[in-house]
Structure formats: structure tokens, C-alpha cells
Number of protein chains: 2
Amino acid sequence: MNVTGHTRRPASIRDVATAAGVSYQTVSRVINGHPSVRPSTRERVLAAIDELGFRRNATALALASGRSRAVTVLTANTTHYGYASILQGIEEAARAASYAVGIGVLESAEDAAVAAEVQRAADAGGGLIVIAYDPAGVRALGAVPAGLPVVGVVETPASPPAGGSPWVWADDREAAYQATRHLLALGHETVHYVAIPSSTRRTSARTSGWRQALKEAGAPEPRPVQGSWGPAGGHAAGLKLARDPSVSAILCGNDDLALGVLRALHEVGRPVPGEVSVAGFDDAPHAAFLTPSLTTVRLDFTGLGRAAFGLLHGVLEESAPVAPHPVSVPELVVRESSGPPPADR
Amino acid sequence: MNVTGHTRRPASIRDVATAAGVSYQTVSRVINGHPSVRPSTRERVLAAIDELGFRRNATALALASGRSRAVTVLTANTTHYGYASILQGIEEAARAASYAVGIGVLESAEDAAVAAEVQRAADAGGGLIVIAYDPAGVRALGAVPAGLPVVGVVETPASPPAGGSPWVWADDREAAYQATRHLLALGHETVHYVAIPSSTRRTSARTSGWRQALKEAGAPEPRPVQGSWGPAGGHAAGLKLARDPSVSAILCGNDDLALGVLRALHEVGRPVPGEVSVAGFDDAPHAAFLTPSLTTVRLDFTGLGRAAFGLLHGVLEESAPVAPHPVSVPELVVRESSGPPPADR
DNA sequence: GCGCCTTGTGTGACCGGTCACATTCATGCG
DNA sequence: CGCATGAATGTGACCGGTCACACAAGGCGC
């Protein structure tokens with residue numbers, strides 16, 4: 001134990017060596033569990049380590065060995081439920097593997113800004129995880145220089161990608177499909193869609209799951225409405241849809257959008273689920289407690305984060321090969337906000 | 001520009017030196033803007049840097065200079081709005097100052113686990129920001145070894161701390177005071193309080209602001225109800241309070257708790273604000289879109305995060321001294337969930 | 001013309017580890 | 001009994017920067 005309270009330079013490997021009467025290399029061997037160290041010597045070194053309160057300097061380790069045991073997460077936002085949960089999952093898995101987690105926020109989706117952030121992340125050393133649900137993230141994933149270990153957390157790819165592609169996803173295509181089918185099964189003629197930013201591209205997974213369900217049911221395919229990420233965007237989109245009397249079912253790209261839509265319907269005086277059914281996406285903690293409580297599709301974001309780290313971890317160290325594409329199964333959670341369409345139509 | 005696509009070892013300062021025909025030290029001088037370098041030399045070095053795509057290795061910089069330009073944020077959670085916003089604010093300010101941001105989650109409040117996390121954070125080098133709104137955070141702040149630069153994001157201290165104390169806070173005591181006064185001014189006999197975890201201690205800032213407002217008004221002081229952080233905790237607490245017919249006003253420790261309380265009141269059939277008024281705390285994005293929309297007190301968490309970083313930045317570099325205790329002024333936002341008590345009592 | 005200060009540049013050591021190789025000594029085997 | 005082999009340990013260089021200092025050249029005062 002370090003009894004002298006002075007804030008002095010922490011003990012280095014050589015300090016330990018002197019204290020134990022061995023060379024610094026022997027100390028290094030003990031630290032790294034090298035087999036050929038005499039037990040008595042190991043004992044002495046460990047005692048010295050304990051006495052001096054030695055901790056291996058992560059910076060020096062990274063510099064000398066090249067391995068940095070660090071991950072940087074690139075994300076457009078830290079406050080939205082899905083993103084924050086993925087981050088939390090990554091951190092959890094990283095902590096278990098004693099990796100450090102860094103974070104970089106993509107404040108702008110503009111190319112130069114994104115490139116700068118990617119550079120900064122690369123400078124930090126170690127691996128990279130990019131949350132690529134939105135334009136900024138997608139762009140960042142594309143801007144990663146070759147050779148830098150990276151895992152992307154992405155929407156369901158349109159076609160099954162080549163094995164070993166460094167991507168992880170929840171099956172949000174399937175989730176959108178399920179939610180849409182649920183609403184159609186209740187008797188709605190069609191389902192309108194309020195999209196999260198990236199999902200307006202024709203290739204978006206959520207959009208295409210929704211579209212497929214409509215097509216299979218022979219339902220007309222309305223234009224997706226562009227939302228933002230938050231409730232405000234949902235509110236704006238909701239007001240637009242609420243004015244159209246033919247709208248009886250709305251699927252939202254996430255639960256925050258759904259919240260805004262619910263509010264808009266309330267303001268316009270269209271009861272949910274009496275006149276209009278609403279379904280969300282993600283099953284955020286508040287979904288169950290809204291009035292009406294929100295029908296939604298649960299996605300395991302934390303697990304997704306853990307999987308992303310696991311994949312990266314496998315790339316960084318040639319350890320146990322991780323399952324190629326860990327996919328969590330989405331789960332439809334039916335609550336109060338969805339029901340049959342009004343009878344009089 | 002690096003045209004050869006080979007993923008080879010990035011250029012070092014000595015590679016640049018050779019390319020420019022100078023010594024590595026001169027390159028170092030150019031990088032660091034040292035004045036005594038002949039313009040023509042500087043020119044040549046800069047050209048070489050550009051050509052080789054040289055970027056200064058952050059790890060080596062940290063090892064050699066001791067300064068690491070990094071901050072680690074210790075927090076109990078990344079998904080709650082307040083925490084996530086503080087983190088976002090920190091990241092924003094850190095990015096502007098080209099600091100790297102690391103994150104450590106305090107999964108358990110148990111002493112050993114907290115100590116381990118603090119150690120890990122210390123190993124990362126650089127400064128530390130601890131979000132200390134909850135037991136885990138408070139404990140972590142206490143466990144930081146002396147000599148390690150640290151800033152705590154805390155609740156309003158009970159008494160004005162000594163100048164230069166490394167803390168930052170939003171005035172949540174004042175915020176709770178304001179919200180409580182607002183409810184009392186509407187005519188409620190008293191205001192019940194659903195507390196976030198840390199706030200059950202008598203010293204908690206939010207609790208004491210609430211208590212002071214009650215005392216000044218001569219209102220009876222009910223026992224605070226213990227909530228958790230999320231809506232589920234608010235729901236449980238709300239059910240308890242809803243059964244008590246004397247309850248007509250409820251202040252919640254955050255907006256998620258308030259959401260749960262609203263739901264509980266709805267389930268029990270007590271209209272808001274007709275029979276019961278509810279106020280939240282934080283003004284999270286969803287507060288405005290709930291039905292009824294939520295009266296709450298806005299706190300500038302992002303600004304708080306920025307201030308925390310600013311303070312730490314000032315400690316790490318002897319640069320511009322930062323304002324001692326940046327306090328953001330809370331702002332009461334009155335919405336639909338609060339109104340006068342029912343007339344018949 | 002000599003010393004002295006300033007400007008511009010180079011050299012060597014160092015930060016705290018790892019890695020490749022050298023060295024010592026005990027052991028096994030032909 | 002001599003030598004190859006392996007275990008246990010030590011030495012020097014290196015990762016990519018910074019820091020302290022040495023040193024040469026040019027300008028200035030006297």
C-alpha cells in the first residue's frame with residue numbers, strides 16, 4: 001500500500017523491478033503471465049507491485065504494443081433512446097473486456113465535418129463502432145479509412161451481405177413488417193408511415209418492411225411522411241396526417257415520433273384507437289406509460305451494442321470468432337394505441 | 001496526399017523530417033508553432049507533412065508530454081435524458097477544444113465496483129468528470145484519488161462551497177422551489193413529492209427546495225415518495241398517491257417519473273389537472289407532447305455539461321480561468337398538467 | 001576583431017512499456 | 001563427459017513523440 005500520501009509520479013515497471021531486485025523485463029513477464037518465471041520470483045514481484053501500488057500505464061502499453069484496448073463510438077446523438085441504449089450496451093461489453101470506450105458526436109452530416117470526426121476517432125487508436133442509422137452515421141461509416149477496424153450498427157441490409165462483413169443490425173425490416181401486418185390485420189385499409197430521417201430513402205429497412213407488408217396485403221401505398229427524430233417532428237407529421245380523414249392507421253419510425261403523432265391526433269380531436277391507430281418502434285421506456293399506451297415493436301438495442309462490441313473485439317484480437325451477424329428478434333408489443341378501424345367506413 | 005493505397009504504418013515525425021531534409025526536432029517545432037523556425041524551412045516541413053499525410057500520434061504525445069487531452073465521464077446511466085444531455089454537452093465542448101471523451105458507466109453503486117470504475121477512468125489518463133446525482137456517482141466522486149483532476153456535476157450544494165471547488169451544478173434547488181411555489185400559488189393545500197433516488201436524503205437539493213417552499217407557505221410537509229429514475233417508478237409511486245383523496249398536487253423529480261404518475265392517475269380515474277396537478281422536472285423533449293402536456297422546470301443540461309468541461313479544461317491547462325460556478329437559471333414552463341385544485345374542497 | 005546575445009537547427013535522453021535477442025545455469029541424452 | 005536443450009533472467013533497441021541542452025551562424029556593441 002502506498003502510505004506516503006504525496007502525489008508523486010506513479011510507480012513504473014522499473015520501480016517495481018528495483019524494489020523486487022529483478023530486471024524490468026521480469027516484471028513485464030509477471031504482469032503478462034509469462035510461464036517461465038520462477039514462482040518465488042513471481043511472488044516477490046507481485047509483492048513489490050502491491051506495495052508500490054503499481055498499475056500498468058495504458059498509454060505506454062498502447063504506444064509500445066500497438067494494441068490500445070479502446071473503442072470509439074461515433075454517433076449522431078447521445079440523447080435518443082435507441083442510440084443511448086446501443087452506447088450503453090457497447091460500454092457494458094467493453095467494460096467486461098476491459099476496453100476503454102470513447103465517444104464522438106457527429107453534429108453535422110456535412111462531409112467535411114464527418115470526415116474530421118472520423119479522423120479524430122482514428123487518432124484515438126483502437127477500433128471504431130459507427131452507429132449508422134442516419135445520414136451522418138452512414139457517411140461516417142463510408143469515410144473510415146481502409147485498414148482501421150470498424151463495425152457499423154446499421155439498418156437491416158437490403159440483401160444478405162457477404163459473410164464477415166463488419167456490420168450488426170437488429171431486424172428492423174422484420175419489425176416494421178410485423179407492426180404493419182398487425183395494423184392491417186385489425187382491418188385497416190392501409191397504414192401510413194412517419195419516417196425517421198434515414199428512412200425516406202427507398203432502400204431504408206424500416207420503410208421496406210412496411211412497404212412489403214402493404215404489398216402482400218394488396219393495400220394502397222401512401223407516401224411516407226418525413227419526420228425528424230424527436231416528438232416535435234412527429235407532431236408536425238401527425239398534424240398533416242390527422243387532417244386527412246382517410247387515415248386510420250399510422251406507423252412511426254420510433255416511439256418519440258409516435259408520441260408527437262398521438263399529441264397531434266389529440267389536438268385535432270381524433271381519438272386513439274377509436275378513430276386512428278398508432279404504432280411506434282423501439283419500445284422505449286415511456287411507451288408503456290403513455291395514454292393511450294403505445295403499441296410498438298421492441299428492439300434489443302443494448303444487446304445490439306453488445307454484439308457490435310463483440311464483433312469488433314473479435315476483429316481486434318484473433319480470439320473466439322463471434323457469430324457472423326448477431327440478430328436480435330424484434331417483438332411486437334400490442335398495447336392500447338392500436339385497434340380496429342371505426343366501423344362506419 | 002497519400003496516393004499509394006497500401007495500408008502501411010502511418011508517417012511519423014521522423015519520416016517527415018527525412019522527407020523535408022531537416023531533423024525531427026524541427027518538425028516538432030513546426031507542429032507546435034514554435035517561433036524560431038525559418039519560414040522557408042517551415043514551408044518545406046509543412047509540404048512534407050501534407051504529402052505524407054502525417055498526423056501527430058495522440059498516444060505518443062500523451063506518453064511523452066504527460067498531457068493527454070482526454071476526459072473520461074463517469075455516469076450511472078447513459079439513457080436518461082438528463083444524463084445523456086450532460087454527456088452531449090461535455091462532448092460538444094470537448095470536441096471544440098479537441099479533447100477526446102471517454103465514458104464509464106457505474107453499473108453498481110457498490111463501493112468496490114465504483115472504485116474499480118474510478119481506477120479504470122484514472123488509467124485512461126486526462127481529467128475526470130463525474131455525474132453525481134445518484135448514490136453511485138456521489139460515491140465515485142468521493143473515491144477519486146487526490147491529485148487527479150476532476151469536476152463533479154452535482155446537485156445544488158447545501159451551503160455555498162469554497163471558491164474554486166471543482167463542481168458544477170444547475171440550480172435544481174431553486175427549480176424545485178419554483179415549481180412548488182407555482183403549485184401552491186394555484187391554491188393547492190400542499191404538494192407531494194416523488195423523488196429521484198438520491199433525493200431522499202435530507203440534504204438533497206431538489207427535496208430541500210420543495211421543502212422550503214412548503215415551509216414558507218405554511219403548508220404541511222408530506223413524506224417524499226421514493227421513485228426510481230424511470231416511468232415505472234413514477235407509476236408505482238403515482239398509484240400510491242392516487243389512492244389518497246387528499247392529494248391534489250404532485251411534484252416529480254424528473255419528467256419520466258411524472259409520466260408514470262400521469263399514467264397512474266389516469267388508471268385510477270383522477271383527471272389531470274381537474275383533480276390533481278402534476279409537475280415534472282427537466283423539461284425533457286417529450287414533456288411538451290404528453291397529454292396533458294407537462295408543467296415542468298427546464299434545466300440546461302447541455303450547458304451544464306459544457307460548463308463542466310470548461311472548468312476541467314481550466315484545471316488541466318492553466319488557460320483562461322473559468323467562471324467559478326457556472327449556474328444556469330432554471331425556467332418554469334407551465335403547461336396543461338397544472339391547474340387550480342377542485343373547487344369542492 | 002573579439003565577445004555576446006539571438007536565431008535557427010541538431011543531438012541525446014526520456015516517457016513506460018514491449019519485443020527480439022543474449023546470457024546463464026541446470027538438466028537430459030548419446 | 002561433452003554438448004544440445006530449455007528454463008529463467010537480463011540487455012539493448014524501439015514505439016513516436018517531447019524536453020533540455022549543445023552548437024553554428026549572423027548581428028551588434030565596443
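Residue numbers begin at 1 in each chain, while the letters A, B, ... track the order of the sequences.
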Side chain of [X] only, heavy atoms from C-beta on: which candidate in [options] is closest?
X     : options               : answer
B/S12 : C/dT9, C/dG16, D/dG17 : D/dG17
A/I13 : D/dA8, C/dT18, D/dT18 : C/dT18
B/S36 : C/dT7, D/dA8, C/dG17  : C/dT7
A/Y24 : D/dG16, C/dT18, D/dT9 : C/dT18
B/T26 : C/dT9, D/dA7, D/dG16  : C/dT9
B/T41 : C/dT9, D/dG17, D/dG10 : C/dT9

Q) Under 3.5 Å, is there an N or O donor on one side and an acceptor on the other linking the side chain of B/R29 and the base of C/dG10? A) yes

Hey, is the main chain of [Y] close enough, under 3.5 Å, to the side chain of [X] for a donor-acceptor pair?
X     : Y      : result
B/S28 : B/Y24  : no
A/T72 : A/V101 : no
B/R42 : B/G33  : no

Q: Could you check B/R38 against B/A64 and say which one's nearest nucleotide on DNA chain C is further toward the 5' end?
A: B/R38

Q: Round to the nearest Å and state the distance from A/L63 atom CG to C/dC14 atom C1'.
A: 12 Å

Q: Can you tell me the distance, in whole Å, between the CZ atom of A/R42 and the P atom of D/dA7?
A: 14 Å

(Q) Taking A/R120 first and then A/E117, would you say they form a salt bridge - that is, a charged N and a carboxylate O separated by under 4.0 Å? (A) yes

Q.
Assuming nearest nucleotide by heavy-atom distance, tell me which of A/Q25 and A/P39 is located more 5' along DNA chain D.
A. A/P39

Q. Across the strands shown, which category fits A/R56 at heavy-atom distances under 4.0 angstrom: base, sugar-phosphate, nothing?
A. sugar-phosphate

**Q.** D/dG10 OP1/OP2 closer than 4.0 Å to side-chain N/O of A/S23
**A.** yes

Q) Phosphate oxygens OP1/OP2 of D/dC19: is one of them under 4.0 Å from a side-chain N or O of B/R67? A) yes

